[in-house]
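These numbers come from a predicted model, not from an experiment. Hydrogens, waters and symmetry mates play no part in the numbers below; they use all other heavy atoms, side chains included. Chain naming here is simple, since letters A, B, ... match the order of the sequence lines and numbering starts at 1 in each.
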There are 2 protein chains.
Amino acid sequence: MGTSQADKVANHERIIDTAATMIRRDGLTSLSVSNLMQRAGLTHGGFYRHFASRDALITQAVDGALDRSASSYGIAKRGIPSKTSRSLGEIIEKYLSPTHRDDPGTGCAIAALATDVARGTEDTRTAYTQHVRGYLGRLSAALEGSDGGDDDPYLTLAAMVGAVVLARAVNDTALSDEFLSHTARGLRRIARS
Amino acid sequence: MGTSQADKVANHERIIDTAATMIRRDGLTSLSVSNLMQRAGLTHGGFYRHFASRDALITQAVDGALDRSASSYGIAKRGIPSKTSRSLGEIIEKYLSPTHRDDPGTGCAIAALATDVARGTEDTRTAYTQHVRGYLGRLSAALEGSDGGDDDPYLTLAAMVGAVVLARAVNDTALSDEFLSHTARGLRRIARS
DNA sequence: ATTATCTATAGATCTATAGATAATGC
DNA sequence: ATTATCTATAGATCTATAGATAATGC
């Protein structure tokens with residue numbers, strides 16, 4: 001139907017953006033090409049002028065989801081520290097909030113895609129690993145001087161990811177809230193000591 | 001081809017057992033009926049004499065995976081404390097071992113199915129939630145007397161699940177090992193204090 | 001005779017491709 | 001003329017069903 005090259009770039013980015021949200025919400029395997037294109041306002045046939053295959057898109061969508069969510073949580077892309085550096089207390093509060101739990105589509109991709117990436121391609125695992133290192137670096141700096149030494153950044157990230165993942169899986173709102181609040185308080189305690 | 005009722009029961013249980021391993025390894029959405037029946041040594045047509053639908057099997061397979069892995073990690077079925085009660089140190093060591101990380105098919109279903117269950121049916125979420133309560137109860141008893149009070153069981157479970165999930169997703173063996181060892185040491189520290 | 005499993009297949013869905021369509025941009 | 005998207009479809013796969021087959025168990 002004839003579209004400018006500028007429109008093509010905009011469409012390309014909208015496809016990736018839409019996919020980045022869909023995979024965080026529904027997982028990697030649930031994403032279908034026609035469903036994705038429909039949500040992006042296009043038809044499925046045009047997809048293959050943008051991406052070589054469904055797998056190629058998945059790789060870019062995982063990358064996009066990691067980048068977008070990392071900058072949203074105070075950790076910049078691929079391990080480079082963010083300029084708008086948040087305090088540890090702020091990171092914990094935002095990460096372990098009901099808002100974050102209730103909107104996986106725009107939330108941290110490390111939590112949303114953890115088990116999916118473990119079953120995915122090496123490319124997605126490599127991108128994922130780089131972002132995990134970024135989070136660890138950010139937490140190490142914020143935890144400087146805590147008693148736990150090297151252990152605390154790993155423990156903190158594991159607990160943050162685990163609490164969000166459990167809070168989302170569990171069927172009971174009260175229990176879900178408890179995972180967020182108790183884990184947050186426990187982590188603040190570690191950071192202070 | 002004519003099979004006794006005793007064989008039918010054995011086949012039924014083998015199908016669930018096989019499915020419980022397959023879903024922990026590859027996720028809920030990847031499981032296909034024909035693939036499952038093939039691995040169980042049967043043909044796909046017979047499946048519907050055992051289960052009303054693929055969804056009905058998924059519910060039973062999630063339940064089976066939760067039951068089997070819970071008893072393996074010292075927490076008995078549906079919140080009832082195990083008779084062979086392990087110490088917290090033993091639970092942490094076994095849960096955060098490379099062996100557990102490397103064999104999700106027989107490992108803890110709470111870690112393996114976390115994001116899948118969050119996207120699944122209410123039935124599977126209810127079963128999952130009951131088992132999470134079982135783990136929390138077990139950890140509460142083991143953490144009796146720690147300084148963190150109510151926070152510690154939630155923090156401990158979140159960190160255990162998060163560390164295993166991250167250790168599996170990450171692409172680098174050294175980093176993966178660090179998640180297990182640092183989280184284990186951090187949690188032992190919390191338990192002592 | 002009953003029934004657990006197998007063979008065959010219908011209907012739906014999904015990835016990927018081929019050719020048509022209609023605006024862009026030289 | 002080029003090209004970004006659309007329409008139509010091929011080929012594969014998946015859930016579920018129907019009828020055939022061959023032991024079981026009264």
Test item: side-chain donor near acceptor, B/S146 and B/D152, under 3.5 Å: yes
Here the pair of heavy atoms bringing B/R168 nearest to A/R125 is O-NH2, 3.1 Å
Side chains of A/T29 and B/S30: any donor to acceptor distance under 3.5 Å? no
For the residue pair A/T21 and A/R68, establish whether any side-chain heavy-atom pair is separated by less than 4.5 Å. no
Return the value, rounded to whole Å, for the distance between atom NZ of A/K8 and atom P of C/dA22. 20 Å
Rounded to whole angstroms, how far apart are NE2 on A/H50 and P on D/dT3? 14 Å
Mind checking the CG-CG spacing from B/L36 to B/L42? Nearest 0.5 Å is all I need. 9.0 Å
Using the ring of each side chain (for Trp, its six-membered ring), is B/Y154 parallel, tilted or perpendicular to A/H182, with breaks at 30° and 60°? parallel
Which of residues 39-47 of chain A sit near DNA chain D, with a heavy atom under 4.0 Å from it? A/L42, A/T43, A/H44, A/G45, A/G46
Rounded to the nearest 0.5 Å, how far apart are OG1 of B/T156 and CG of B/L143? 4.5 Å
Within the 3.5 Å criterion, strictly below it, is a donor on A/T129 or B/D172 matched to an acceptor on the partner's side chain? no
Report yes if at least one side-chain N or O of A/Y48 is closer than 4.0 Å to OP1 or OP2 of C/dA16; otherwise report no. yes
Can you pull out the residues from residues 12-38 of chain B that lie within a 4.0 Å heavy-atom distance of DNA chain D? B/L31, B/S32, B/V33
Rounded to whole angstroms, how far apart are CZ on B/F51 and P on D/dT15? 14 Å
Given D/dT24, C/dT5, D/dA16, identify the nucleotide with an atom nearest to the side chain of B/N11. C/dT5
Is the shortest heavy-atom distance from the side chain of B/L66 to the side chain of B/Q130 under 4.5 Å? no
Consecutive-pair stems (3 or more, Watson-Crick or G-U, under 3.5 Å) for DNA chain C: C:1-24 with D:1-24
What nucleic acid atoms does B/R49 come within less than 4.0 Å of, heavy atoms only: base, sugar-phosphate, or nothing? base
Hey, are the side chains of A/V165 and A/T115 touching, using non-hydrogen atoms and a 4.5 Å cut-off? no
Counting heavy atoms from C-beta on, name the nucleotide in D/dA16, C/dT15, C/dG25 closest to the side chain of A/S4. C/dG25
If each of A/D7 and B/S53 is mapped to the nucleotide of DNA chain D with the nearest heavy atom, which maps nearer the 5' terminus, i.e. the 5' end? A/D7
Under a plain distance cut-off of 3.5 Å, with no hydrogens placed, do B/D67 and B/H131 share a side-chain donor-acceptor pair? yes
